[in-house]
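One structure below.
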Amino acid sequence: MLLIMGLGAQLTSWSDTLKDGLIERGFRLICFDSRDCGLSTHLDAAGFPDFDAIERALANGTPPPVAYGLNDMARDAVGLLKALDIEKAHVLGTSMGGMISQLLAAEFPDHVLSLTAMMCPSHVGKPDAASLKVMAAPPAPGVTLEMIAQTAATFMLPMASPGFPTTVERLAAAMLKTYRRSYYPEGFVRQTAAAYADSSRVARLGDIKAPTLILHGEADMLAPVEGARQMAEAIPNSELETIPAWGHDMPADLMPTLVEHIARNARRAVTV
């Protein structure tokens, strides 16, 4: 099973409970850092995206000026499978990784046995470029990774699941662990541009042939559940499971439930 993480998130962001549950059910897992993230290639020469130019291109129906698109990241995933000499795999994507996984299933159906997209936005609105410039700037003197993690956790807390409460301290500890492995906000910004420029994906959803499951929280503030319902309607042979009080995070107590849903959908690939 190929696991595709979300925006700016490293392979270490996958829940151990989720991974252990899938391994116990017989899956061999492939986790990786997407381009511009973690320990994968950092595209420093690409610079800061021009979000106004991307907006104009989307309005005019012309190719957006981005360093890469989500379709390129889907091709990265296919390239990884080929490098590992794996012809087909079950695919699990979360958040932006769910967007990438949908493109992977639509454009490369021969490589996808089943598809599960969790917390997947139907579209991404125009980001606040000024805020992203502040994020991507070098830390001011005296600013530590601990301080950056604390700030990020404070920002993320309102998006967490109301039914599975967490704390700023717990979120900050998890973020600090990943930041110590790799802190690269410039890549986060370019991945944000790729997600924003992804305007044609929804039109491609009808091309998905693999048994598909959309897992979504009814309390997701970042990716409203209405978008999940629209995607489920657009994908043939798809199922939608919405979970009350689940936000835009991966709480440990919810992971066993998600494992059961993911494994059940994968089994559909054998019978469909």
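FYI, side chains are in, hydrogens and waters are out, and symmetry mates aren't considered; it's all heavy atoms of this structure. If you read the sequence from its start, that first residue is 1, and numbering goes on from there.
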Test: R190 cationic atom under 6.0 Å from Y68 six-membered ring centre, within 45° of axis: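 Negative - R190 is either too far from the ring of Y68 or too far off its axis.
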Cation over ring face, K126 and F51, 6.0 Å, 45°: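 So K126 doesn't make the cation-pi contact.
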Nearest heavy-atom neighbours spanning [X] and [Y]:
X: R25; Y: A263; answer: CD-CB, 3.8 Å
X: S238; Y: A232; answer: OG-O, 2.7 Å
X: I54; Y: P64; answer: CG2-CB, 4.0 Å
X: A67; Y: A46; answer: CB-CB, 3.6 Å

For [X] and [Y], indicate whether the former's side chain and the latter's backbone hold a donor-acceptor pair under 3.5 Å.
X: D198; Y: L70; answer: no
X: D220; Y: V225; answer: no
X: W14; Y: T17; answer: no
X: S34; Y: C37; answer: no
X: Q191; Y: R35; answer: yes
X: N265; Y: H261; answer: no
X: S122; Y: G227; answer: no
X: T212; Y: A210; answer: yes
X: E241; Y: I214; answer: no
X: T94; Y: G97; answer: no

Look at atom [atom1] of [X] and say whether more than 12 heavy atoms of other residues, nucleotides or ligands are closer to it than 6.0 Å.
X: F155; atom1: CZ; result: no
X: K82; atom1: NZ; result: no
X: K19; atom1: NZ; result: yes

Ring geometry between Y184 and H42 (parallel below 30°, tilted from 30 to 60°, perpendicular above 60°):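 Ring orientation of H42 relative to Y184: parallel.
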Exercise: do H248 and S95 side chains pair donor with acceptor under 3.5 Å: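 Yes - a donor-acceptor pair under 3.5 Å links their side chains.
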Polar side chain donor-acceptor pair, H216 to T242, under 3.5 angstrom: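 Absent: no donor and acceptor within the cut-off.
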Minimum side-chain heavy-atom gap W246-P162 below 4.5 Å: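 W246 vs P162: side chains apart.
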Note: E239-R264 ion pair, threshold 4.0 Å (strictly below):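 Looking at R264 together with E239, the answer is yes, because their closest N to O distance falls below 4.0 Å.
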Side-chain ion pair, D207 and R201, N-O less than 4.0 Å: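 Looking at R201 together with D207, the answer is no, because their closest N to O distance does not fall below 4.0 Å.
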ILVMFWY network linking L115 to I262, side-chain heavy atoms under 4.5 angstrom: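 No: no chain of side-chain contacts under 4.5 Å links L115 to I262.
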Test log, rule salt bridge (Lys or Arg N to Asp or Glu O under 4.0 Å), inputs D33 and R181: CA-CA 12 Å; D33 290 331; R181 180 175 183 261; 2.9 Å; yes
